[in-house]
Amino acid sequence: MYLTRDEQAILDGEKGAGAQKAMELVTALGKIYGADSLVDITSAHLSGASYKTIGEGGLKYLSDMVEGGAMVSVPSTLNPVGMDRGRWKEMHISPEFAEKQLKIIDLYGRMGIQKTCSCTPYIGENVPSLGDHVAWAESSALSFVNSYIGARTNREGGPGALAAAILGKTANYGLHLDENRAPTVVIDVDEFGGSVFDHSMLGQAVGMKMGKGVPYFRGISPTVEDAKTLSAAMAAAGSVALWHAEGATPEAGNYSIDGLEHIHIGKKELEAAYDKLNTVEDVQLIAIGCPHLTPKEMHDIASLLKGKKKKNKDVEIWFCTSEKVRSECPEDVKVMEEFGPVLADTCMVVAPIEGTFQRTATNSAKAGNYLPTLCSQKVRFADIATLMAVVE
């Protein structure tokens, strides 16, 4: 792998221990995956922000990077953390967890990373452009920017994305290269309702069917909300990091689909996706906002709830979004708060909910995949209108 003189100097430790560790990691990944060089990036998005997921080992790693003088060199954002920083007691979080979580956020901030914590940074200030090379680590977010925006990133791990953010560079392999962005299978969709929840089930069905690869959709025209939900579901049910939709995504017209395998998704496949996730009816928590709610979704939920009252006091309801979106939607928040907290910069998947709940309902296929494995939950999977049957 070719390194410039400046890149070699970083690897030799001439720019500090933090930068050296970052270069060691990025070049090691590059060699593993056959990269010929590094490529400049315009932004990074980092996972590994919740104390629940990174623990003491991750906390020490971040401390070491800060002590080594590491600073990011491109705009960088952070994934959801394990709690709302101002409302963690409402989430049944212990003071010990809260203390460690706040320390993690502080360490990231000391490296120059924006302390906004969202899985939808493209709704905020981290919005790549078509053709930009970036280093993003959150599975649904990186799939969204690869596909709906046309930026270029591999499915980075948390440490790899942090290393790239420090260097302003990542290894040039995988989805950074034109030849690896071509579709590998055509998805023909019919009997499709087109709601956000339908896109979640579609993503689940496709992820279950193909596992990995680059699907090319025919028969859908996703909005931003649809695309984030579709991306999240395929990334969780499989490992899809890039998809194209005919007439809808910016690179769909760049590649031929002649001769590709076709996968049909209809009623049967969507029902199988639903049945895979829906395992319980009676729940203790309804958690909405995985990925984080957009302003449109906040408004839609508030419109659904306005004028109603919560009839089941035994079920908690959480609405998860970013601090930016929450601050932009005060009237919607006011309505939603009558039913449960609107939590910022966290989500049910990376919060330690298993200490309080065992049965959680969600409208998200992404959460439906992760809640059983990461949070020991049985899951009810349904659209928001169905879940809101606890109100009248």
Side-chain angles (χ1 to χ4, degrees), residues 79-93 116-124 140 195-200 223-226 228-229 232 282-353 356-357 359-368 370-371 375 377 379-392:
N79 228 28
V81 293
M83 64 186 202
D84 184 306
R85 278 167 279 192
R87 305 179 68 173
W88 52 270
K89 291 181 180 179
E90 296 176 59
M91 299 176 65
H92 315 283
I93 300 291
T116 51
C117 307
S118 177
C119 50
T120 58
Y122 47 84
I123 302 297
S140 69
S195 70
V196 172
F197 184 69
D198 289 329
H199 282 84
S200 196
T223 65
V224 167
E225 287 75 21
D226 299 331
K228 81 175 176 72
T229 304
D282 180 43
V283 299
Q284 301 157 299
L285 172 67
I286 298 171
I288 296 170
C290 178
H292 277 167
L293 297 170
T294 67
K296 181 182 184 303
E297 289 173 311
M298 294 280 285
H299 182 67
D300 289 347
I301 293 170
S303 297
L304 178 67
L305 296 176
K306 193 169 184 178
K308 298 180 180 178
K309 293 183 179 180
K310 187 176 178 183
K311 64 182 181 182
N312 190 337
K313 305 294 185 182
D314 296 327
V315 178
E316 290 193 33
I317 305 176
W318 292 0
F319 305 100
C320 299
T321 189
S322 66
E323 177 57 47
K324 179 180 185 296
V325 170
R326 185 171 68 176
S327 67
E328 290 175 351
C329 303
E331 294 304 314
D332 296 327
V333 169
K334 185 177 179 180
V335 173
M336 296 161 71
E337 290 275 358
E338 294 292 319
F339 302 89
V342 178
L343 302 170
D345 293 0
T346 186
C347 87
M348 72 296 292
V349 171
V350 296
I353 66 170
T356 305
F357 307 104
R359 303 181 306 280
T360 297
T362 182
N363 67 324
S364 162
K366 174 185 176 180
Y370 291 149
L371 283 168
C375 304
Q377 301 293 298
V379 174
R380 185 181 184 196
F381 180 56
D383 62 24
I384 290 176
T386 301
L387 296 181
M388 291 298 103
V390 295
V391 306
E392 61 181 0

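One is the number of the first residue; the rest follow in order along the sequence.
- For the residue pair M91 and M83, the shortest heavy atom distance occurs at SD-CA, 3.7 Å.
- Considering only residues two or more places apart in sequence or on other chains, E323 meets the salt bridge (Lys or Arg N to Asp or Glu O under 4.0 Å) condition with R326.
- The nearest pair of heavy atoms linking R87 to V342 is NH1-O, 3.5 Å.
- With sequence neighbours excluded, no residue forms a side chain to side chain donor-acceptor pair (under 3.5 Å) with K89.
- In terms of modelled atom types and a separation under 3.5 Å, the side chain of D84 and the main chain of A344 share a donor-acceptor contact.
- Although no hydrogens or angles enter the test, the distance criterion places a donor-acceptor pair under 3.5 Å between the side chain of Q377 and the main chain of R359.
- For residues 300-323, the ring-ring contact (aromatic ring centres under 6.0 Å, His included) pairs, not counting sequence neighbours, are W318-F357.
- In this structure, D300 contributes its side chain and E297 its backbone to no donor-acceptor pair below 3.5 Å.
- A search for salt bridge (Lys or Arg N to Asp or Glu O under 4.0 Å) contacts involving K334 returns nothing, not counting sequence neighbours.
- Looking at residues two or more places apart in sequence or on another chain, you find no side chain to side chain donor-acceptor pair (under 3.5 Å) involving S322.
- Shown here are the side chain to side chain contact (heavy atoms under 4.5 Å, CB included) partners of S303, two or more places apart in sequence or in another chain: H299.
- Under the rule for a side chain to side chain contact (heavy atoms under 4.5 Å, CB included), the partners of T229 that lie at least two apart in sequence or sit in another chain are V196, S200.
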Would you be so kind as to tabulate the donor-acceptor pairs closer than 3.5 Å made by side chains of residues 285-293, with sequence neighbours excluded?
| unit_1 | atom_1 | unit_2 | atom_2 | d |
| --- | --- | --- | --- | --- |
| H292 | ND1 | S118 | OG | 2.9 |
| H292 | NE2 | T346 | O | 2.8 |

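- Under a 3.5 Å cut-off, the side chain of K310 and the backbone N or O of V315 do form a donor-acceptor pair.
- Every residue two or more places apart in sequence or in another chain was checked for a side chain to side chain donor-acceptor pair (under 3.5 Å) with S327, and none qualifies.
- Residues meeting the side chain to side chain donor-acceptor pair (under 3.5 Å) test with T223, sequence neighbours left out: D226.
- One N or O on the side chain of K311 and one on the backbone of A389 form a donor-acceptor pair closer than 3.5 Å.
- Judged by distance alone, with hydrogens and angles left aside, the side-chain atoms of S364 form a donor-acceptor pair with the main-chain N or O of A367 at under 3.5 Å.
- Nearest heavy-atom pair across V325 and T294 is CG1-C, 4.1 Å.
- By the salt bridge (Lys or Arg N to Asp or Glu O under 4.0 Å) test, E338 pairs with no residue at all, sequence neighbours left out.
- P295 approaches I123 most closely through the heavy-atom pair CD-CG2, 4.0 Å.
- Partners of E331 by salt bridge (Lys or Arg N to Asp or Glu O under 4.0 Å), not counting sequence neighbours: none found.
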